[in-house]
Amino acid sequence: MNKDLIISKLKTGPCYVEFIKSNGIKRAMLCTLNETYLPVTANGESKTRKENPDVVSVWDLEKKDWRSFRLDRFCFIQEQTHG
């Protein structure tokens, strides 16, 4: 899956993403890039991170902080379902 497709899914709402951390441990994370969930700066704009072509930066909904994963360590993404 390419970066544009991953980002597109993340912008629709919360998703579960699985990837391999640099220490070799598999990590699952509930995250998003949907502006509704992103932190807001003092001027009322969503705060985003500097872009790196090999990395996807996301807002971790459980840790309430920015996290990132390398595309070459990405395993899968699944949109969060309600119900």
Side-chain angles (χ1 to χ4, degrees):
M1 183 174 291
N2 70 37
K3 185 174 183 177
D4 290 338
L5 186 53
I6 294 168
I7 289 173
S8 175
K9 285 183 176 280
L10 288 163
K11 285 185 175 182
T12 64
C15 295
Y16 287 101
V17 172
E18 192 171 282
F19 59 97
I20 306 296
K21 293 172 44 171
S22 60
N23 63 6
I25 296 173
K26 193 176 275 190
R27 163 114 150 78
M29 171 173 49
L30 179 61
C31 56
T32 191
L33 287 175
N34 184 298
E35 290 191 17
T36 303
Y37 299 91
L38 301 182
V40 177
T41 61
N43 65 5
E45 296 177 6
S46 296
K47 183 178 176 184
T48 58
R49 295 186 79 182
K50 184 177 159 186
E51 183 153 345
N52 176 333
D54 301 322
V55 174
V56 177
S57 294
V58 297
W59 182 251
D60 185 324
L61 291 163
E62 294 167 336
K63 296 195 186 239
K64 305 287 189 227
D65 200 4
W66 288 101
R67 295 291 188 259
S68 60
F69 56 90
R70 295 188 55 80
L71 288 170
D72 60 356
R73 294 178 175 270
F74 171 78
C75 298
F76 76 88
I77 185 168
Q78 180 179 14
E79 294 177 53
Q80 181 185 23
T81 57
H82 301 294

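One-based numbering along the sequence shown.
Counting only heavy atoms from C-beta outward, the side chains of Ile6 and Leu71 approach each other to under 4.5 Å.
Applying the salt bridge (Lys or Arg N to Asp or Glu O under 4.0 Å) definition to pairs two or more places apart or across chains, those involving residues 6-15 are Lys9-Glu79.
With sequence neighbours left out, Asp54 forms a salt bridge (Lys or Arg N to Asp or Glu O under 4.0 Å) with no residue at all. For Arg73, the side-chain hydrogen bond (donor to acceptor under 3.5 Å, both in side chains) test picks out no residue, with sequence neighbours left out. Every residue meeting the salt bridge (Lys or Arg N to Asp or Glu O under 4.0 Å) condition with Arg27, not counting sequence neighbours, appears here in chain and number order: Asp60. Lys3 pairs by the salt bridge (Lys or Arg N to Asp or Glu O under 4.0 Å) definition with Glu51, not counting sequence neighbours. By the side-chain hydrogen bond (donor to acceptor under 3.5 Å, both in side chains) test, Asp65 is found to be paired with Arg67, residues two or more places apart in sequence or in another chain being considered. With sequence neighbours left out, Asp4 forms a side-chain contact (heavy atoms from CB on, under 4.5 Å) with Asn2. Residues meeting the ring pair (Phe, Tyr, Trp, His ring centres under 6.0 Å) test with Phe76, sequence neighbours left out: none.
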Give the intermediate values and the outcome of side-chain contact (heavy atoms from CB on, under 4.5 Å) for residues Val17 and Val56. CA-CA 11 Å; Val17 172; Val56 177; over 6 Å; no
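In terms of heavy atoms, Gln80 sits closest to Tyr16 at CG-CE1, 4.1 Å. Nearest heavy atoms, Leu38 versus Leu33: CD1-O, 3.9 Å. Between Thr32 and Pro14, the shortest heavy-atom contact is OG1-N, 3.8 Å.
Under the 4.5 Å side-chain contact rule for hydrophobic residues, Trp66 and Val55 do not share a cluster.
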Listed pairs under 3.5 Å, donor-acceptor, residues 19-26 side chains, sequence neighbours left out:
unit_1: Asn23; atom_1: OD1; unit_2: Ile25; atom_2: N; d: 3.0
unit_1: Lys26; atom_1: NZ; unit_2: Glu18; atom_2: OE2; d: 3.3

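Here the CG-SG distance, from Leu61 to Cys31, works out to 7.0 Å after rounding to the nearest 0.5 Å. Here the OH-CG distance, from Tyr37 to Leu10, works out to 12.0 Å after rounding to the nearest 0.5 Å. A distance of 12.0 Å separates CD1 of Ile7 from CE of Met1, quoted to the nearest 0.5 Å.
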